[in-house]
K.L.:
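Quick one: structure below, then a few questions.
FYI, side chains are in, hydrogens and waters are out, and symmetry mates aren't considered; it's all heavy atoms of this structure. Just so you know, these numbers come straight off a predicted model, no measurement behind them.
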Amino acid sequence: MKKLNVTIKLEMSVPDDWELVQTSEGGHVLKLPNKQFLDLAIEPLFASNPEETWSSTEDNDVLNDILDMVESEEVAYEFVTH
């Protein structure tokens, strides 16, 4: 079996009141002012607590607002063999 590495690099303009916070697992997520957290690892995911279950949004306006903040995106795919 092959291993696939996917590297995603985004540049975004975000509101000044967004904060970067560390989870208990050592990862980072964004803390939004509306008592939500945002993880952009694969798709925009939201949670009311960064240690709980994350979910996508059903609200297309919210999703479009987040995606409109993206100024550039780079995605690189690479197969790694052992």
Side-chain angles (χ1 to χ4, degrees):
M1 178 166 288
K2 297 185 279 188
K3 180 175 270 191
L4 175 64
N5 286 345
V6 179
T7 303
I8 302 171
K9 180 180 176 181
L10 296 175
E11 285 188 22
M12 298 175 66
S13 294
V14 300
D16 290 334
D17 55 357
W18 287 22
E19 299 176 43
L20 190 61
V21 296
Q22 188 170 11
T23 67
S24 63
E25 296 177 350
H28 288 92
V29 295
L30 292 164
K31 182 179 179 184
L32 308 182
N34 59 354
K35 298 184 181 181
Q36 283 193 314
F37 295 84
L38 172 62
D39 182 355
L40 292 168
I42 299 296
E43 64 174 295
L45 298 175
F46 298 86
S48 58
N49 180 330
E51 306 302 331
E52 300 294 329
T53 302
W54 292 81
S55 64
S56 60
T57 181
E58 299 292 323
D59 187 336
N60 284 335
D61 290 335
V62 169
L63 183 58
N64 286 333
D65 288 346
I66 296 294
L67 295 177
D68 284 345
M69 294 177 194
V70 175
E71 294 177 0
S72 68
E73 175 183 359
E74 293 178 34
V75 180
Y77 298 88
E78 177 185 15
F79 282 114
V80 179
T81 56
H82 299 257

K.L.:
Nearest 0.5 angstrom please: L63 CG to D59 CG, how far?
P.N.:
8.5 Å

K.L.:
Determine the minimum heavy-atom distance between P50 and F37, stating which atoms define it.
P.N.:
CD-CE1, 3.3 Å

K.L.:
Nearest 0.5 Å, please: how far is OG1 in T23 from NE2 in H28?
P.N.:
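Going from the NE2 atom of H28 to the OG1 atom of T23 covers 8.0 Å.
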
K.L.:
Can you hop from M69 to L10 via hydrophobic side chains spaced under 4.5 Å?
P.N.:
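Same hydrophobic cluster.
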
K.L.:
Between Y77 and I8, is there shared hydrophobic-cluster membership here, with clusters defined by ILVMFWY side-chain heavy atoms closer than 4.5 Å?
P.N.:
yes

K.L.:
Is it the case that more than 12 heavy atoms not belonging to E58 sit under 6.0 Å from its CD atom?
P.N.:
no

K.L.:
Count the heavy atoms of every other residue, nucleotide or ligand shown that sit under 6.0 Å from CD of E71, and state whether that count exceeds 12.
P.N.:
yes

K.L.:
Linking I/L/V/M/F/W/Y whenever their side-chain heavy atoms sit closer than 4.5 Å, directly or via other members, would V80 and V6 fall into one cluster?
P.N.:
no

K.L.:
To the nearest 0.5 Å, how far apart are CG in D17 and NZ in K31?
P.N.:
10.5 Å

K.L.:
If you look at every heavy atom in L32 and F46, which pair is closest and at what distance?
P.N.:
CD1-CE2, 4.2 Å

K.L.:
Hydrophobic clustering (ILVMFWY, side-chain heavy atoms < 4.5 Å, transitive) - are W54 and V62 grouped together?
P.N.:
no

K.L.:
Has the side chain of E52 got a donor or acceptor atom that lies under 3.5 Å from a matching backbone atom of A47?
P.N.:
no

K.L.:
Do you know the tightest heavy-atom contact between L40 and M12?
P.N.:
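Result for this residue pair: CD1-SD, 3.5 Å.
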
K.L.:
Among I66, T57, V29, L45, exactly one meets side-chain contact (heavy atoms from CB on, under 4.5 Å) together with L38. Which residue is that?
P.N.:
I66

K.L.:
So T7 and V75, side chain to side chain contact (heavy atoms under 4.5 Å, CB included) or not? Walk me through it.
P.N.:
CA-CA 6 Å; T7 303; V75 180; over 6 Å; no

